[in-house]
Every structure is written in structure tokens, then in C-alpha cells.
Visitor: 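Have a look at this one.
Scope of the values below: all heavy atoms of this structure, side chains included, with no hydrogens, waters or symmetry mates. Lettering follows sequence order; numbering is per chain, from 1.
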Amino acid sequence: MSETIQFHYDVDGENFTSAGEASVQIKQKLRQLGFTPDIIRRVSIAMYEGEINMVIHAGGGVADVFVDPESIKIILEDHGPGISDISLAMQEGFSTATDTVRSLGFGAGMGLPNMKRYTDSMEIDSELGKGTKITMVVNVPI
Amino acid sequence: MTVNKAIEALSLEVVNLSDGDRNIQSGYSGDLLSWVMARATNGSAWITIMSNVNIIAVASLLDLSCIILSENAEISEELRNLAIQKNINLLRSEKNSFQLSFELGKLL
Ligand SMILES: Nc1ncnc2c1ncn2[C@@H]1O[C@H](COP(=O)(O)OP(=O)(O)O)[C@@H](O)[C@H]1O
Ligand SMILES: [Mg+2]
């Protein structure tokens with residue numbers, strides 16, 4: 001594995017049942033490629049949270065994952081409402097999720113903080129009314 | 001302890017059993033998915049009352065050894081099918097999460 005391998009997923013915003021499917025597939029690919037359980041765990045947590053956010057807050061989006069031996073980059077992009085106050089959204093426990101969404105076990109307000117905690121870098125570009133793009137990188141120790 | 005042994009010891013109802021020989025390495029009890037995602041460790045048994053289909057993705061991502069639904073949480077056909085499809089051991093009990101955690105904890 002010397003070149004970067006790219007994966008692309010459309011994340012359906014209508015379908016709650018399949019939410020997390022892209023993350024599950026990436027996890028399986030990473031395992032086949034021989035990444036360590038720790039790396040797989042960190043990527044899984046970060047990507048799952050980002051994927052779920054696109055489903056519950058943005059009506060879906062796209063996920064692109066770039067895998068190479070030194071790092072795994074995850075780019076999540078949606079055309080949802082955007083995030084008005086990013087530092088507020090980053091606070092543990094802050095959530096605008098509806099009661100219905102909460103009743104499904106989401107909306108703990110831990111997604112963005114967990115994405116930050118389990119990756120080596122995370123960048124949020126968001127514009128109100130336009131959408132949100134989140135870029136996360138997990139470095140692979142050699 | 002294997003999932004098979006836990007089913008017997010705790011008299012669990014089997015909803016789907018894909019790998020009964022799977023070892024239960026630890027346990028985690030909780031219903032908030034983000035919390036479980038970040039805290040439950042690989043190989044753990046997950047005890048929860050949350051029975052919507054999204055628990056299956058969490059269990060696959062974390063390689064959990066099984067999900068144990070407490071308090072006879074309702075099981076949809078969709079949930080059962082997804083557990084079968086994704087090879088997730090899915091069990092159920094009438095006991096609450098505290099009782100299940102307590103009893104399982106004594107056995108681990
Ligand atoms: N992709 C997104 N589009 C719009 N808003 C978002 C997006 N991701 C997160 N947010 C906002 O940031 C808040 C915090 O996100 P998060 O920490 O994942 O918690 P939760 O998803 O449990 O609400 C959300 O409640 C929502 O208001
Ligand atoms: Mg979230």
C-alpha cells in the first residue's frame with residue numbers, strides 16, 4: 001500500500017436506519033488493510049459521529065476518506081443549515097437535536113468533542129444556510 | 001467468558017446468535033450512543049434499553065461481543081434482521097440494566 005486509496009460515500013439524510021453505514025464500511029476496509037485496532041477505533045468514532053451529524057442536523061451529505069500508510073483523512077461535506085457558533089457547538093453537552101432524535105439515543109452533544117478528541121487534527125468550515133465541511137486527520141504512528 | 005456461557009448463566013433470550021464462542025472481555029452499560037461509542041471497549045458486552053436499529057452500527061464499529069437489551073426492550077423485525085445481516089450477537093432479558101451489569105460483572 002504505497003499510494004493513497006480513496007473512498008467515497010453518499011450519506012442519506014432521509015434514512016435513519018442506514019446511518020453509520022459509511023463508517024462501518026470504512027472500518028472494514030481499514031481492518032483489511034491491516035491498520036491497528038487503536039487507529040481503527042479512533043477513525044470509527046470520529047467518522048461515525050460526523051456521519052450521524054450529517055444525518056440528524058444537515059439532511060445528509062458526502063464522505064470522502066483518503067487512506068495512506070501514514071495518515072487517514074476524512075472529509076465530510078453537507079449542504080445543511082451550517083453551524084452558527086462553532087465554539088458553542090464544540091462544547092460537551094451542547095446539542096440542538098430534537099426530542100425525537102434524542103429518544104433514539106443521539107443528541108448527547110458529545111459528537112464534535114469526540115471527533116476532536118479522537119483525531120490529530122480537525123477543521124470545521126461552516127457557513128450559515130450553505131453547509132458544513134469537516135476535515136479530520138488521524139496520523140498513523142510508524 | 002463466552003457469549004454462550006453468559007446466555008446460560010443469565011438466562012438470556014437469544015434474538016440473534018452469530019458467534020456464541022465470542023469472548024466477553026468486559027462490559028458497558030449505557031443508552032446514549034455517543035457515550036457508548038467513545039467509552040465502550042472492543043469485545044465488551046453492551047447492556048442497554050435502547051433498541052432502535054442504530055445500536056447495530058455502534059456494535060459493529062466497536063466489535064462488541066454482544067448487545068444485551070434490558071427490561072424486555074421492544075425488538076423490531078428490522079432490528080433482528082440487521083443483527084443477523086451484520087453478525088451481531090443480540091440478546092434480551094426482562095432484568096434491568098443494573099441487575100444485568102451486576103450479574104454479568106460477577107461472572108467476568
Ligand atoms: N453537520 C452539521 N450541520 C449543522 N449543524 C451541526 C452539524 N454538526 C453539528 N452541528 C451542530 O452542532 C451541535 C453539536 O454537535 P454534536 O457535538 O455532534 O452533538 P449532537 O449531535 O449530539 O447534538 C449540534 O447539536 C448541531 O447544532
Ligand atoms: Mg452529533
Visitor: Give, as side chain, backbone, both or neither, the part of Glu21(A) having an atom under 4.5 angstrom from any heavy atom of chain B.
Guide: side chain
Visitor: Which answer fits Asn54(B), side chain, backbone, both or neither, if we ask what part of it has an atom under 4.5 Å from a heavy atom of chain A?
Guide: both
Visitor: What are the two closest non-hydrogen atoms of Lys27(A) and Asp63(B), and how far apart are they?
Guide: NZ-OD1, 3.0 Å
Visitor: Sort Arg42(A) into side chain, backbone, both or neither according to what part of it lies under 4.5 angstrom from a heavy atom of chain B.
Guide: neither
Visitor: Drop me the distance from Ser18(A)'s OG to Ile56(B)'s CD1, to the nearest 0.5 angstrom.
Guide: 14.0 Å
Visitor: How far apart are the closest heavy atoms of Leu104(A) and Asn52(B), and which atoms are they?
Guide: O-OD1, 3.2 Å
Visitor: Using non-hydrogen atoms only, which part of Phe16(A) is less than 4.5 Å away from chain B: side chain, backbone, both, or neither?
Guide: both
Visitor: Check whether Val138(A) and Ile5(A) end up in the same hydrophobic cluster, where Ile, Leu, Val, Met, Phe, Trp and Tyr are linked by side-chain heavy atoms less than 4.5 Å apart.
Guide: yes
Visitor: Would you kindly confirm whether Leu90(B) and Val14(B) end up in one hydrophobic cluster when ILVMFWY residues are joined by side chain heavy atoms under 4.5 Å apart?
Guide: no
Visitor: Answer whether the closest heavy-atom distance between the side chains of Ser44(A) and Leu62(B) falls below 4.5 Å.
Guide: no
Visitor: CZ of Arg41(A) to CG of Asn42(B): how many Å apart, nearest 0.5 Å?
Guide: 8.0 Å
Visitor: Is it the side chain or the backbone of Ile55(B) that comes within 4.5 Å of chain A heavy atoms, both, or neither?
Guide: neither
Visitor: I'd like to verify something: which residue of Ile45(A), Ile26(A), Ile40(A) has the highest number of heavy-atom pairs under 4.5 Å with chain B?
Guide: Ile45(A)
Visitor: Taking atom CD1 of Ile49(B) as the centre, does the number of heavy atoms from other residues, nucleotides or ligands within less than 6.0 Å exceed 12?
Guide: no
Visitor: Should we say atom CD of Glu74(B) is surrounded by more than 12 heavy atoms from elsewhere, each under 6.0 Å from it?
Guide: no
Visitor: Can Val62(A) be reached from Val67(A) by stepping across I, L, V, M, F, W or Y side chains whose heavy atoms are under 4.5 Å apart?
Guide: no
Visitor: Cluster question for you: counting only ILVMFWY and a side-chain heavy-atom cut-off of under 4.5 Å, with indirect links fine, are Tyr28(B) and Leu108(B) together?
Guide: no
Visitor: Which pair of non-hydrogen atoms, one from Arg117(A) and one from Arg39(B), has the smallest distance, and what is that distance?
Guide: NH1-NH2, 4.2 Å
Visitor: Quick check on Phe98(B): does its CZ atom have over 12 non-hydrogen neighbours (other residues, nucleotides or ligands) under 6.0 Å away?
Guide: no
Visitor: What's the spacing between Ser34(B) OG and Leu112(A) CG if we round to 0.5 Å?
Guide: 9.5 Å
Visitor: With a sphere of 6.0 Å drawn around CZ of Phe66(A), does it hold more than 12 non-hydrogen atoms of other residues, nucleotides or ligands?
Guide: yes
Visitor: Calculate, to the nearest 0.5 Å, the distance between atoms CD and OG1 belonging to Glu78(B) and Thr17(A) respectively.
Guide: 4.0 Å
Visitor: Any heavy-atom pair between the side chains of Tyr48(A) and Leu33(B) that's under 4.5 Å?
Guide: yes
Visitor: By a 4.5 Å heavy-atom criterion (distance strictly below it), what part of Met50(B) contacts chain A: side chain, backbone, both, or neither?
Guide: side chain
Visitor: If two hydrophobic side chains count as joined below 4.5 Å and joins carry through other members, does Val137(A) share a cluster with Phe35(A)?
Guide: no
